[in-house]
Amino acid sequence: MRPDAVVITLRRPEDESAGAGEVSQKVAAGGQASLFALVRNQSGIVDNYDLRLKGLPPEWWTITPSTVYLVPFGAAPSGYEQEVEIRFHPPRAPEAEARPWPIMVAASSRATGDETGSGRATLEIEPFLEIESELRPERAGGRRYAGFALAVRNKGNTPADVAVAATDPDNALRFEWAQQELKVGPGKREPTTFKTRPPKQIIFGRPLDRRFQVDTRVPGTDVVAFPRQGIMRQKPWLPWWLPPAVFMIAAAVAALLLLLPKSTPKSIVPDLTQATSKFDVQKMLTGAHLQLGNVVETKTDQKPPGTILGQTPAAGQKVDQNSKVDYEVAVGTGQVKVPKLAG
């Protein structure tokens with residue numbers, strides 16, 4: 001195998017010189033760390049070498065200087081090697097995953113365009129935890145319970161075991177969770193649901209707002225999410241205005257009934273021509289809840305005296321009770337037919 005034209009050895013800032021083994025360095029996500037690379041030209045020509053880092057996104061590192069001008073090793077007392085600084089600055093984001101990242105510093109010859117040498121190291125990005133939660137909806141209503149959903153997002157770079165809980169100031173609500181412990185990967189979002197139940201139902205009355213708070217934390221650490229405030233609007237089975245409305249309607253109906261004219265009971269006029277005496281007439285009228293009216297006497301010799309000749313109102317008509325009934329009665333003329341005495 002042809003030896004590299006460029007030899008690159010790495011060291012940490014606190015080390016005096018590069019060791020024989022592979023170098024490793026730690027860096028916090030959102031922080032900075034450095035390695036120094038000694039670049040030596042072992043080719044036979046003077047050349048410019050462009051340096052770049054492999055294994056990390058380009059925006060996570062900076063090499064200063066990024067190009068070195070070197071003469072061949074042994075051609076001059078100096079100028080054949082140069083040390084550069086590699087600065088690491090991964091973002092404080094889930095994509096800067098907490099793990100060892102193998103990296104390689106590579107040198108490319110401007111004369112040939114080839115990669116002429118490399119040096120390897122390991123960068124370990126340290127873990128951090130950051131979580132946030134989202135409550136939807138923030139207000140929900142119901143008579144027996146109200147349903148809510150909570151989503152937990154891991155904004156850290158390492159998996160997080162998250163616990164969720166809810167409390168209310170009056171310690172009156174009961175919370176029923178579908179899941180209270182969630183395992184959330186870096187940059188991932190995990191949902192759960194829960195129901196809030198009031199201590200007792202409202203039969204009559206106004207809606208009652210019951211406030212509560214949802215807390216999200218990583219047990220065993222001081223990592224917590226911003227508390228989320230929610231409201232359960234407990235609805236009554238019957239609105240508060242229903243009993244007064246029913247009372248007012250009942251009072252209005254009663255008043256209307258009092259103002260309506262009272263209907264008079266009716267009676268059927270009996271047939272007084274069936275009576276044989278004034279006593280019978282009075283009896284028939286009393287039984288029909290009627291009163292005796294005017295009595296008109298008509299002299300006739302066509303009917304026996306005391307015969308009822310007619311009546312007003314007529315028999316069979318419906319009249320108000322206690323109405324008066326007039327009738328016509330036959331009386332004698334006081335005359336008799338002279339008999340034939342001849343013979």
Report the C-alpha separation of Glu115 and Arg52 in whole Å, then their side-chain angles, then the decisive distance to 0.1 Å, and conclude whether the salt bridge (charged side-chain N to carboxylate O under 4.0 Å, His left out) test is met.
CA-CA 10 Å; Glu115 184 177 298; Arg52 68 182 186 278; 3.3 Å; yes
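- The main-chain N or O of Thr167 is never found under 3.5 Å from a side-chain atom of Asp215 such that the two would form a donor-acceptor pair.
- Looking at residues two or more places apart in sequence or on another chain, you find a ring pair (Phe, Tyr, Trp, His ring centres under 6.0 Å) between Phe73 and Tyr80.
- Within the model, atoms CG of Leu38 and OG1 of Thr9 stand 4.5 Å from one another, a figure rounded to the nearest 0.5 Å.
- The shortest distance between side-chain heavy atoms of Val296 and Tyr327 does not fall below 4.5 Å.
- At most 12 non-hydrogen atoms from other residues, nucleotides or ligands lie less than 6.0 angstrom from OH of Tyr145.
- Shown here are the ring pair (Phe, Tyr, Trp, His ring centres under 6.0 Å) partners of Phe148, two or more places apart in sequence or in another chain: Phe194, Phe212.
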Before you tell me yes or no, could you show the steps for Phe36 and Ile86 under side chain to side chain contact (heavy atoms under 4.5 Å, CB included), namely the whole-Å CA-CA distance, both residues' side-chain angles and the distance that decides it to 0.1 Å?
CA-CA 6 Å; Phe36 289 98; Ile86 307 167; over 6 Å; no
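- Remark: Ile202 CD1 to Arg143 CZ distance equals 10.5 Å, nearest 0.5 Å.
- Val68 places none of its side-chain heavy atoms less than 4.5 Å from the side chain of Asn48.
- Leu10 and Met104 fall into different hydrophobic clusters, where Ile, Leu, Val, Met, Phe, Trp and Tyr residues are linked whenever their side-chain heavy atoms come under 4.5 Å apart, directly or through other members.
- The OG1 atom of Thr116 lies 10.5 Å from the CD atom of Gln42; values are rounded to the nearest 0.5 Å.
- With 3.5 Å as the limit, one finds a donor-acceptor pair spanning the side chains of Glu22 and Thr122.
- Within 6.0 Å of CZ in Arg144 there are 12 or fewer heavy atoms belonging to other residues, nucleotides or ligands.
- Side-chain atoms of Leu56 and Leu123, non-hydrogen and from C-beta on, do get closer than 4.5 Å to each other.
- Side chain of Asn157 to main chain of Ala96: a donor-acceptor pair is present (N/O by atom type, distance under 3.5 Å, no hydrogens or angles).
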Would Glu190 and Arg153 count as a salt bridge (charged side-chain N to carboxylate O under 4.0 Å, His left out) here? Give the steps.
CA-CA 6 Å; Glu190 291 293 334; Arg153 181 185 176 192; over 6 Å; no
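- No single ILVMFWY cluster, assembled from side-chain heavy atoms under 4.5 Å apart, contains both Phe128 and Val162.
- Using a 3.5 Å distance cut-off with no hydrogens or angles, the side chains of Gln201 and Trp237 do pair a donor with an acceptor.
- Without hydrogens or angle criteria, Gln180 side chain to Val164 main chain gives a donor-acceptor distance under 3.5 Å.
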Step by step, work out the salt bridge (charged side-chain N to carboxylate O under 4.0 Å, His left out) result for Asp320 and Lys266.
CA-CA 4 Å; Asp320 295 340; Lys266 301 292 184 179; 2.5 Å; yes
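- Formation of a donor-acceptor pair under 3.5 Å by the Asp170 side chain with backbone atoms of Ala172 is not found in this model.
- Interatomic distance, CZ of Arg211 versus CE of Met232, reported as 14.0 Å (0.5 Å rounding).
- Connection of Val246 to Phe204 is established within a shared hydrophobic cluster, with ILVMFWY side chains joined at heavy-atom distances below 4.5 Å, either directly or through further cluster members.
- A 6.0 Å sphere centred on CD of Glu181 holds no more than 12 heavy atoms belonging to other residues, nucleotides or ligands.
- Between the Thr192 side chain and the Gln179 main chain, a donor and an acceptor come within less than 3.5 Å of each other.
- The cationic group of Arg87 does not satisfy the cation-pi geometry with Trp61, failing either the under 6.0 Å distance to the six-membered ring centre or the 45° limit from the ring axis.
- Taken together through direct or relayed side-chain contacts under 4.5 Å among Ile, Leu, Val, Met, Phe, Trp and Tyr, Val71 and Val7 form parts of separate hydrophobic clusters.
- Considering only heavy atoms from C-beta on, Glu83 comes within 4.5 Å of Arg11 through its side chain.
- Annotation for Arg12 and Val23: closest pair CG-CG1, 3.9 Å, computed over non-hydrogen atoms.
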Decide yes or no on side chain to side chain contact (heavy atoms under 4.5 Å, CB included) for Trp177 and Leu150, but give the supporting numbers first.
CA-CA 10 Å; Trp177 289 88; Leu150 183 73; 4.2 Å; yes
Side chain to side chain contact (heavy atoms under 4.5 Å, CB included) evaluation trace for Val325 with Thr312
CA-CA 6 Å; Val325 180; Thr312 303; over 6 Å; no
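- Proximity of Arg210 to Thr196: side-chain heavy atoms (C-beta onward) are nowhere separated by under 4.5 Å.
- Residue Asp47 comes nearest to Asn41 through the heavy atom pair N-ND2, 4.2 Å, listed as atom of the first residue, atom of the second, then distance.
- Scanning both residues, Gln311 and Val269, for their nearest heavy atoms gives NE2-CG1, 3.2 Å.
- In this structure, CG on Leu35 lies 6.0 Å from CD1 on Ile103, to the nearest 0.5 angstrom.
- Within the 4.5 Å cutoff, the side chain of Ile131 has no heavy atoms near those of the Val184 side chain.
- With Gln317 contributing its side chain and Pro270 its backbone, the two residues share no donor-acceptor pair below 3.5 Å.
- A donor-acceptor distance shorter than 3.5 angstrom exists from the side chain of Thr307 to the backbone of Pro304, with no hydrogens or angles considered.
- Here the side chains of Thr216 and Val224 are not in contact, with every heavy-atom distance at 4.5 Å or above.
- Between Gln32 and Val27 the shortest heavy-atom distance is C-CG2, 3.8 Å.
- For Pro94 against Pro186, the heavy-atom pair with the smallest separation is CB-C, 3.9 Å.
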Would Phe226 and Ser133 count as a side chain to side chain contact (heavy atoms under 4.5 Å, CB included) if you check the C-alpha gap in whole Å, the side-chain angles of each, and the deciding distance to 0.1 Å?
CA-CA 7 Å; Phe226 186 79; Ser133 62; over 6 Å; no
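- Separating the NE2 atom in His289 from the CD atom in Gln321 is a distance of 5.5 Å, to the nearest 0.5 Å.
- When the shell of 6.0 Å around CZ of Arg189 is examined, it contains 12 or fewer heavy atoms from other residues, nucleotides or ligands.
- Screening Val319, Ile268, Asn322 against Leu290 for a side chain to side chain contact (heavy atoms under 4.5 Å, CB included) leaves a single residue, Val319.
- A salt bridge does not link Asp222 to Arg217: none of the charged side-chain nitrogens sits closer than 4.0 Å to a carboxylate oxygen.
- Ionic pairing of Glu81 and Arg40 is present here: one or more N-O contacts between side-chain nitrogen and carboxylate oxygen are shorter than 4.0 angstrom.
- Gln25 places a side-chain N or O within donor-acceptor distance of the main-chain N or O of Ser34, the cut-off being under 3.5 Å.
- Heavy atoms of other residues, nucleotides or ligands lying less than 6.0 angstrom from CZ of Arg197 number more than 12.
- Heavy-atom minimum distance, Ala37 versus Ile8: CB-CG2, 4.0 Å.
- For the residue pair Asp50/Thr67, the side-chain donor-acceptor check at 3.5 Å is satisfied.
- In this structure, the side chain of Ser66 does not engage the main chain of Leu51 through any donor-acceptor pair within 3.5 Å.
- Side chains of Phe88 and Ile125 form no contact here, defined as non-hydrogen atoms less than 4.5 Å apart.
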